[in-house]
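The structure appears below as structure tokens.
Because the structure is predicted, anything quoted here is derived from the model rather than measured.
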Amino acid sequence: MTSEHTMLTGVTDGFFCCLLGTPPNAVRPLESVESSDGYTFVEVKPGRVLRVKHAGPAPIPTPPPPPPEDDPGVKTGLVRCQRRITVYRNGRLVVENLGRAPRADLQGRSGSGDPPAALEVELAEPSGGDTRANPGSGRRRRPRRPKRTIHIDCEQRITSCKGAQADVVLFFIHGVGGSLAIWKEQLDFFVRLGYEVVAPDLAGHGASSAPQVAAAYTFYALAEDMRAIFTRYAKKRNVLIGHSYGVSFCTFLAHEYPDLVHKVIMINGGGPTALEPSLCSIFNMPTCVLHCLSPCLAWSFLKAGFARQGAKEKQLLKEGNAFNVSSFVLRAMMSGQYWPEGDEVYHAELTVPVLLVHGMHDKFVPVEEDQRMAEILLLAFLKLIEEGSHMVMLECPETVNTLLHEFLLWEPEPEAEPKLEPKPKPQLLQPEPAPGEEK
């Protein structure tokens, strides 16, 4: 009876929406204030206010001792990143790892300890016909000239991020249709361990303001929001944790601030491909039609986003505010996912360590996409959760929290110093005996 009433209400509201020409569920702008329940409302632009959960340990009156990585003599966690990325005009990509990557001693890494020395990728189909010489003609094939070559040569100091360290901040970014409430188990867990955490609601989601302009929900507009939040709370070592669409914003920030982003965690984020909205999508329908279909969309999301569809999952979906956004915001978010720069070359340039977490029952993101991401990234660990799906942080919070914490505490083992063989002791040369003398 409840589901029938909800669906009838959605159809009725959608009908009046079409008649009146006003989008439903409009959220009024909020003031930039501190609330009593631990939330902060940050005005990132005039009239554009985001709700942010900012929590952490009490401030320490005396400054803590400097972490060991500040000592130039300490070589723990120091990694030399050397990579050459070559892009050819026919869409061929060759990634060569010139330096020694840290050994993959984090539990759950799939594959061998070191990345392949060279990785060849076909980015796209060549435009135009095949320009290769006919094998039977006897003509030598001319070597293709690269379109561009990118050289990466830097040193990264990767260290353990422990709770209560004054220079560590964890940023949690949700995806389309969610809110910061999907991170409740993770936020509570890491705050108890002494970490400082920051989790914003994207524009139009949760309690953030929802501008009624489609341009407010493009990738670039949302990325600038996340830049404003990041620069407001960032410290020396910052860890970015993203889910689904939120992974793209983590990648953007890691690319923009390589010296501030210490580690990145991608949960069901998909492959390293440029974003482009689909032309044949249900989200291209008019807002009124989407509002009529919202109960069906929520039911479909429950079926595809969770491995099981019991009472527990329905309650998690309700508590996490997943898919509880207006039809206008949902349509604008899906059509605004245009980010041509975020291709495989963009991801291959990242030198920050990345943990990939994938729920094996995910019907939105195939596991092959996260495997592809692990191949492209320089320092990547892939962990599969058999019993999880797209909303794995809600389904398996203990497993996810353990994986995230292990990754925060991980640091590369120092390279073994080359053993020097002991030099042979110099032997004194005895003078040759004179003729007739005994030796």
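- Taking the ring centre of Tyr39 as origin, the terminal cationic atom of Arg51 falls inside the region bounded by 6.0 Å and 45° from the ring axis.
- In the model, Glu411 has no side-chain atom that pairs as donor or acceptor with a side-chain atom of Thr159 under 3.5 Å.
- In this structure, the separation between CG on Leu382 and CG on Leu355 is 8.5 Å, given to the nearest 0.5 Å.
- When all heavy atoms of Pro412 and Val79 are compared, the pair lying nearest together is CG-CG2, 3.8 Å.
- Rounded to the nearest 0.5 angstrom, Gln186 CD and Leu404 CG are separated by 7.0 Å.
- With hydrogens and angles disregarded, no donor-acceptor distance shorter than 3.5 Å links the side chain of Arg372 to the backbone of Gly270.
- Scanning all heavy atoms of the two residues, the minimum distance from Val44 to Asp225 falls at CG2-OD1, 3.5 Å.
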Side chains of residues 359-369: which donor-acceptor partners sit under 3.5 Å, not counting sequence neighbours?
residue: His361; atom: NE2; partner: Glu386; partner atom: O; Å: 3.1
residue: Asp362; atom: OD1; partner: Phe364; partner atom: N; Å: 2.8
residue: Asp362; atom: OD1; partner: Val365; partner atom: N; Å: 3.3
residue: Asp362; atom: OD1; partner: His390; partner atom: ND1; Å: 3.2
residue: Asp362; atom: OD2; partner: His390; partner atom: ND1; Å: 2.8
residue: Glu369; atom: OE1; partner: Gly271; partner atom: N; Å: 3.0

Verdict with reasoning, Arg227 to Glu256, per salt bridge (Lys or Arg N to Asp or Glu O under 4.0 Å) = CA-CA 9 Å; Arg227 186 203 296 270; Glu256 292 289 303; 3.5 Å; yes
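- Looking only at distances, no side-chain donor or acceptor of Asn238 sits under 3.5 Å from a matching main-chain atom of Val261.
- The two residues Val264 and Ala254 come nearest to each other via the heavy atoms CG2-CB, 4.0 Å.
- Between Gln156 atom CD and Thr351 atom OG1 the span is 4.0 Å, to the nearest 0.5 Å.
- Expressed to the nearest 0.5 Å, how far CD of Gln337 lies from CG of Leu275 amounts to 6.0 Å.
- The closest donor-acceptor contact from the side chain of Thr402 to the backbone of Glu398 lies under 3.5 Å.
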Stepwise ring-ring contact (aromatic ring centres under 6.0 Å, His included) test for Tyr195 and Phe189 = CA-CA 9 Å; Tyr195 286 92; Phe189 176 80; 8.5 Å; no
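- Side-chain contact of Gln165 with Arg237: a donor-acceptor pair under 3.5 Å is present, judged by distance alone.
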Chi angles and distances behind the ring-ring contact (aromatic ring centres under 6.0 Å, His included) call for Phe171, Trp183 = CA-CA 11 Å; Phe171 290 83; Trp183 302 112; over 10 Å; no
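- No donor-acceptor distance shorter than 3.5 angstrom exists from the side chain of His255 to the backbone of Leu253, with no hydrogens or angles considered.
- Side-chain atoms of His205 never come within 3.5 Å of backbone atoms of Ser179 as a donor-acceptor pair (strictly under, hydrogens ignored).
- Nearest heavy-atom pair, Cys396 versus Gly388, reported as atom, atom and distance to 0.1 Å: SG-CA, 4.0 Å.
- The pair Arg308-Glu395 does not meet the salt-bridge criterion, since no charged nitrogen lies less than 4.0 angstrom from a carboxylate oxygen.
- The existence of a salt bridge linking Asp188 and Arg192 is excluded, since no basic side-chain nitrogen approaches an acidic carboxylate oxygen closer than 4.0 Å.
- Glu196 and Lys235 are joined by a salt bridge, as a carboxylate oxygen and a charged side-chain nitrogen come within less than 4.0 angstrom of each other.
- Looking at Lys263, its side chain does come within 3.5 Å of a backbone N or O of Trp410 through a donor-acceptor pair.
- Nearest heavy-atom pair, Val176 versus Leu330, reported as atom, atom and distance to 0.1 Å: CG1-CD1, 3.8 Å.
- A 6.0 Å sphere centred on OH of Tyr338 holds no more than 12 heavy atoms belonging to other residues, nucleotides or ligands.
- Residue Thr231 holds its OG1 atom at 8.0 Å from CD1 of Ile229, rounded to the nearest 0.5 Å.
- Taking the six-membered ring for Trp and the full ring otherwise, the centers of Tyr245 and Trp339 sit at least 6.0 Å from each other.
- Within the 3.5 Å criterion, the main-chain N or O of Pro397 finds a donor-acceptor partner in the side chain of Asn401.
- Summarising the geometry of Phe328 relative to Ala214, their closest heavy-atom pair is CZ-N, 3.7 Å, with the distance given to 0.1 Å.
- Atoms CD and NZ, from Glu406 and Lys383 in turn, are 8.5 Å apart once rounded to the nearest 0.5 Å.
- Looking only at side-chain heavy atoms (C-beta outward), Phe230 and Leu240 come within less than 4.5 Å of each other.
- Using a 4.0 Å cut-off between a side-chain N of Lys or Arg and a carboxylate O of Asp or Glu, Arg80 and Asp153 qualify as a salt bridge.
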